[in-house]
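Because only heavy atoms are used, hydrogens play no part in the values below, and waters and symmetry mates are left out as well, while side chains stay in. What you are looking at is a predicted structure, and each value in this text was computed from that prediction instead of being measured.
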Amino acid sequence: MRNFDCDLHSVRELNQALHDVQSDGESFNVLNVKGQHALACGITHNINVSLQGHAGYYCAGMHQRGTVTVHGNVGVGVAENMMSGTVHVTGNASQSAGATAHGGLLIVDGDAAARCGISLKGGSIVVKGSVGHMSCFMAQAGTLVVCGDAGEALGDSLYETRIFVLGEVESLGAGCERKTSTAEDLSILSDLLAKAEIDIDPAQFAQYGSDKSLYNFSVDNAVLPEVSR
Amino acid sequence: MCGIVGLYLKNPALEPRLGEMFAPMLVAMSGRGPDSAGFAIYRRPADDSTIKVTLQSTAIDRDWSAVQESLGAVGDDILVTPNANAAVVEIKAGEQEIRDVLEKEHPDLRIMSIGHSIEILKEAGLPVDIVAQYGLVGMSGSHIIGHTRMATESDVTTEGSHPFSTGMDLCLVHNGSFSNHNRLREVLRRKGIQFETDNDTEVAAGYLTWRLQEGDALEEALEHALRDLDGFYTLAIGTKNGFAVLRDPIACKPAVMAETDDYVAIASEYQSLAHLPGIESARLWEPEPARVYVWGEQVAA
């Protein structure tokens, strides 16, 4: 276990140290993070990084293979463009958590704010609390699991993506509809719940997905100004 | 960009430390706003018959005795406290008489704030320099809001800096941009609200001034603002006894709040809050979109 103190070193030095790792299996304990941005970004080795305290924007961005655990809250865009590996936030996440993630698993023990999983491209996100408005906006692939409630316009402009919600959904966005879970869907959900150590029967979740209505351009969706009608 | 910060003390024992606690909050937001900075501090409230005016000159060595003399003609018990290129004037006089005499005899001076407790100090430049220029660290007070500006839609000037005064003991800081400010400015001008700049935030300030003149309580004025202001914004509004926070319904401009038994704080980013005492165990949350938050006593119109 290597300790790294952000009071003594810059974020750039931290990230360089994480990139310079020669082999898998190392562990880092990062102290005094104090809400700084871009912490633990671009990891490519299978290492364990613990951040002690609240992190700022774009924490664990472009993450691959390793595990980053934030013992606190995170700012905007945690695990943005994650490729693989795991990012675990013990507190709450701000907006756009897991944005554009291609793979890997983001676990948020608390709530995630608006636009969680925006443009999700194949990653998995498990939120033990609730998510804010427009979550999974324009998501293309992957899975979002919400153990609490979802805010307005869930899955707006959805291409594809499995969305599971245990609680209430305030409203569904354009192109998003209620689905009946298949055995394959339930198996994916069950696997994610197990990984996030959540003991809830998968059958209790409601599933949402794309109604495919936005796959093709429809002239009826074009809104023309009043004067030109 | 732009950074907004606010600190409201629930524990009066901390009042001597307000400036010391707040200065690092403002400086931490330099990355979000290196063009100008400012703050509105609420301290040393004057009695009901005394008005407190913060004046700012373009000259650093302004002779304030002439101002004292002019104001002597319209009021009593004048106390002038210079601070760098600004001065706080306390005087027993009517607001309009003060404004009239200053406009006539000292047109070079700008009225930054007017009220019983508020003092607004702001300037173009780096936050760290503005904090030093006005001696913020040594200031005591009950609450304070501040702003660091990255100018987008209008010039980098002192006039375009925040906070903007919105009436007696009221002011506004803003992160975001309003898309309907030109039209709204014209509407408000016809209702008698005056504007000094092309700045969009000044329009929001003028809008609140107008709603309060129409008889809205602060909370009602902010509910109306949600309907009439179009754009992206997180707003912090300083009031005589506290502050208010409002985010637009989309809420893409950041805000994080912290509350302990001793204080309530808001900042654009957690970095501004990280040094506050007891932050490790504070309740932290992001204010919800389109919801009006008010701390301290509500201010009637």
Engineer: Can you say whether B:I250 sits under 4.5 Å from chain A via the side chain, the backbone, both, or neither, judging by heavy atoms?
Structural biologist: both

Engineer: What residues, two or more places apart in sequence or in another chain, satisfy side-chain contact (heavy atoms from CB on, under 4.5 Å) together with A:A101?
Structural biologist: A:M82, A:L120

Engineer: Scan chain A against chain B and return every donor-acceptor pair whose distance is under 3.5 Å.
Structural biologist:
unit_1, atom_1, unit_2, atom_2, d
A:H37, NE2, B:E269, OE1, 2.5
A:H37, NE2, B:Q271, NE2, 2.9
A:Y57, OH, B:R32, NH1, 3.3
A:S94, OG, B:E286, OE2, 2.3
A:Q95, NE2, B:A251, O, 2.4
A:R115, NH2, B:I250, O, 3.2
A:R115, NH2, B:A251, O, 3.4
A:H133, NE2, B:I250, O, 3.0

Engineer: Can you tell me if NZ on A:K195 sees more than 12 non-hydrogen neighbours from other groups inside 6.0 Å?
Structural biologist: no

